[in-house]
There are 2 protein chains.
Amino acid sequence: MNHKTVSLADQVFERLESDILLGKYPRGQYLTELALVEDLGVSRTPIREALRRLEQEHIIEVSTRGILVLGVTSEDLADIYAMRLEVEPMVAARAATAATEEELSELREMLELQRYYVGRHDSDRIKYMDSCFHELLYRASHSTVFFDTLLPLHKKVQKYRKASVENESRADKSLSEHSEILSAIEKRDPAAASAAMRAHVQNAKNHIVK
Amino acid sequence: MNHKTVSLADQVFERLESDILLGKYPRGQYLTELALVEDLGVSRTPIREALRRLEQEHIIEVSTRGILVLGVTSEDLADIYAMRLEVEPMVAARAATAATEEELSELREMLELQRYYVGRHDSDRIKYMDSCFHELLYRASHSTVFFDTLLPLHKKVQKYRKASVENESRADKSLSEHSEILSAIEKRDPAAASAAMRAHVQNAKNHIVK
DNA sequence: TTTCTGATGATTGTATACAATTATACACAA
DNA sequence: TTGTGTATAATTGTATACAATCATCAGAAA
C-alpha cells in the first residue's frame, strides 16, 4: 500500500476541495483563513498553501475581503461535458495502446466492484467506483497532459453526478458502457475504445446537463 | 490600466513559471527553496506558495531532496497539440457567438500589432502577440473552463514556438490564419471560426511537433 | 437626511524561528 | 574493497509574530 506521509497542506487541500465541490460551502460565500484555522486545527501556513492550489483550479478567489467560494456553476458543467466529449475519447484510444497488463487488471477489478455495488444500489460507492474507473483510465493513457487536464474536470462534476448514479436504469447503463470501453481496450482497439467512450460521455452528458 | 498590486508570491510564480517553461532550468535539475530565497530576494513564504501552484500545474515536483524541475517534454508537446486541435476550435466557435464588440476590437488591435512586427521580423514580439491573440480568444469565449484549461497548455508550448515564429514563411502564414479566424468571428459564424482555428492549430502542430 | 472623513477592526501578505525528516559523508568493520 | 551504521548537514514542513492593506462604522458637517 501507499504509506507515503501526506502533509497537512495536502490534507487541507483535499478536504476543502471536496467540501466546496460537494456544495458544502455555497458559491458566493466568504471564508476567512482564521475561521479555517479554527475549523481545521492547523496553522495558516498549510491552509494558505492549499488555498493557492484551489485558486489555481479556479474553485475559490482570494481578495482582501476574504476567500470567495466559486465552486462549479451549471455553465461550467456544460462546458466541462462539451470538452470531455472531445477529449475522453482520445484518452480511451490512447489507453487501448498504452495500458499495461497491470492497469488492465486494475480496471477489471474496478468494474467488478462497480457491478457489485450497482447490484446493492449503494449509490455512494457506485459514484466512487465510477470516479476510480475514469481516473485509472486517465492514468492508463500514460499522458500527464491528459491526466492533469481531465482529472480536475472530472472532480468538478461530482456534485452533479450524484443524482445520476441514484437513477437505477442509468447506473445499469453506465456499468455496461464502462464494460464496453474496457473490452475495446483489452482488444487493443483504439477506434472502438474511442467510440465507446464517446457514447458513454454523451449519455452521461444528456443525463446530467439540463 | 490595471494598477492592481501584485503580491510577491504572484511575482515569484510568474518568474519561475517563465524561467522553467523557457528552459532556463533544465528538466531533471534540483532547486532548493533556500537558493531561490537568495536568488529572488524574498522569504520562503511567497516562494513556497508559488511552488504549490507550479506543482499543481505539473511543472515541478517537490520532494525531501528538493524541487525537481519537470518542464515540458516532447511527449507533453504532442499531447498538448492533440488536445488543442480538438478544443481550440470549440473556443473559436464559442467566441463567434459570445465575444463583445470591445473584445473584437482588442483582437483586431492585436492582429494589427502582429502584422507590424511580422513586417519588422521581430520574432520575440511576434511570439508575444501570438500568445496575446490566443489568450484574448480564450477570454472572448466567456468560459472559465475553456480559459483555465487552454491558457496553461498554451503557455507550456512557448519554448517550442520560438523556432516557429523565426521562420518567416510560417510567421506570414500564421498571421493570415489569425486574420481568417478573426474574420469568421466578426461575421458571427461559429462553424467557419471553428474550421479556421482547426486549420491553424493543425498547421502549427505540423510545424512544431517532430 | 446625506455625505464625507477619520478611526478602528478585520483580513491577507510576509518574514522568521523552530520541528521533523531525509540525504550524505565518513568512519569502521567484515 | 565493500558494506554498514552513525553522526551531521541539508531540506522541507509548520507555527507564529508582525506588517500592510482595506472594509466598515461612527460621527460630524453640509
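Proteins come first, then strands; the chains are lettered A, B, ... in the order of their sequence lines, and each starts at number 1.
- Applying the salt bridge (charged side-chain N to carboxylate O under 4.0 Å, His left out) test to B/D19 and every residue at least two apart in sequence or in another chain returns B/R15, B/K24.
- With B/H200 as reference, B/H134 is the one residue of B/R84, B/H134, B/E88 to meet the side chain to side chain contact (heavy atoms under 4.5 Å, CB included) rule.
- Between B/E38 atom CD and D/dT11 atom C1' there is a gap of 13 Å when expressed in whole angstrom units.
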Using a cutoff of under 3.5 Å, can you pull out all pairs of nitrogen or oxygen atoms linking the protein to nucleotides 21-23 of chain C, with atom names and distances?
unit_1 : atom_1 : unit_2 : atom_2 : d
C/dT22 : O3'    : B/T64  : OG1    : 3.4

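- Listed by chain and number, the residues in a salt bridge (charged side-chain N to carboxylate O under 4.0 Å, His left out) with B/E49 are A/R48, A/R52 (sequence neighbours excluded).
- Rounded to whole Å, the distance from CD on A/E61 to P on C/dT11 is 18 Å.
- Taking the side-chain hydrogen bond (donor to acceptor under 3.5 Å, both in side chains) definition, one finds that A/E17 meets it with A/K155, sequence neighbours left out.
- Among pairs with a residue in residues 112-122 of chain A, those fulfilling side-chain hydrogen bond (donor to acceptor under 3.5 Å, both in side chains) read A/E112-A/R115, A/Q114-A/H178, A/Y116-A/R120, A/Y117-A/R125, at least two apart in sequence or across chains.
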For residues 36-46 of chain A, tabulate all N or O donor-acceptor pairs below 3.5 Å that involve a side-chain atom, not counting sequence neighbours.
unit_1 : atom_1 : unit_2 : atom_2 : d
A/S43  : OG     : A/T45  : N      : 3.4
A/R44  : NE     : A/E33  : OE1    : 2.7
A/R44  : NH2    : A/E33  : OE1    : 2.8

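- The distance from atom CG of B/L31 to atom P of D/dT11 is 11 Å, rounded to the nearest whole Å.
- Listed by chain and residue number, A/E135 satisfy the side-chain hydrogen bond (donor to acceptor under 3.5 Å, both in side chains) test with A/R139 (two or more places apart in sequence, or in another chain).
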>> Protein within reach of the bases, or only the backbone? For nucleotides 13-20 of chain C, mark each nucleotide 5' to 3' as B, S or -, using heavy atoms under 4.0 Å.
In response: BBBBB---

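- Annotation: side-chain hydrogen bond (donor to acceptor under 3.5 Å, both in side chains) contacts of A/Y25 (sequence neighbours excluded): none.
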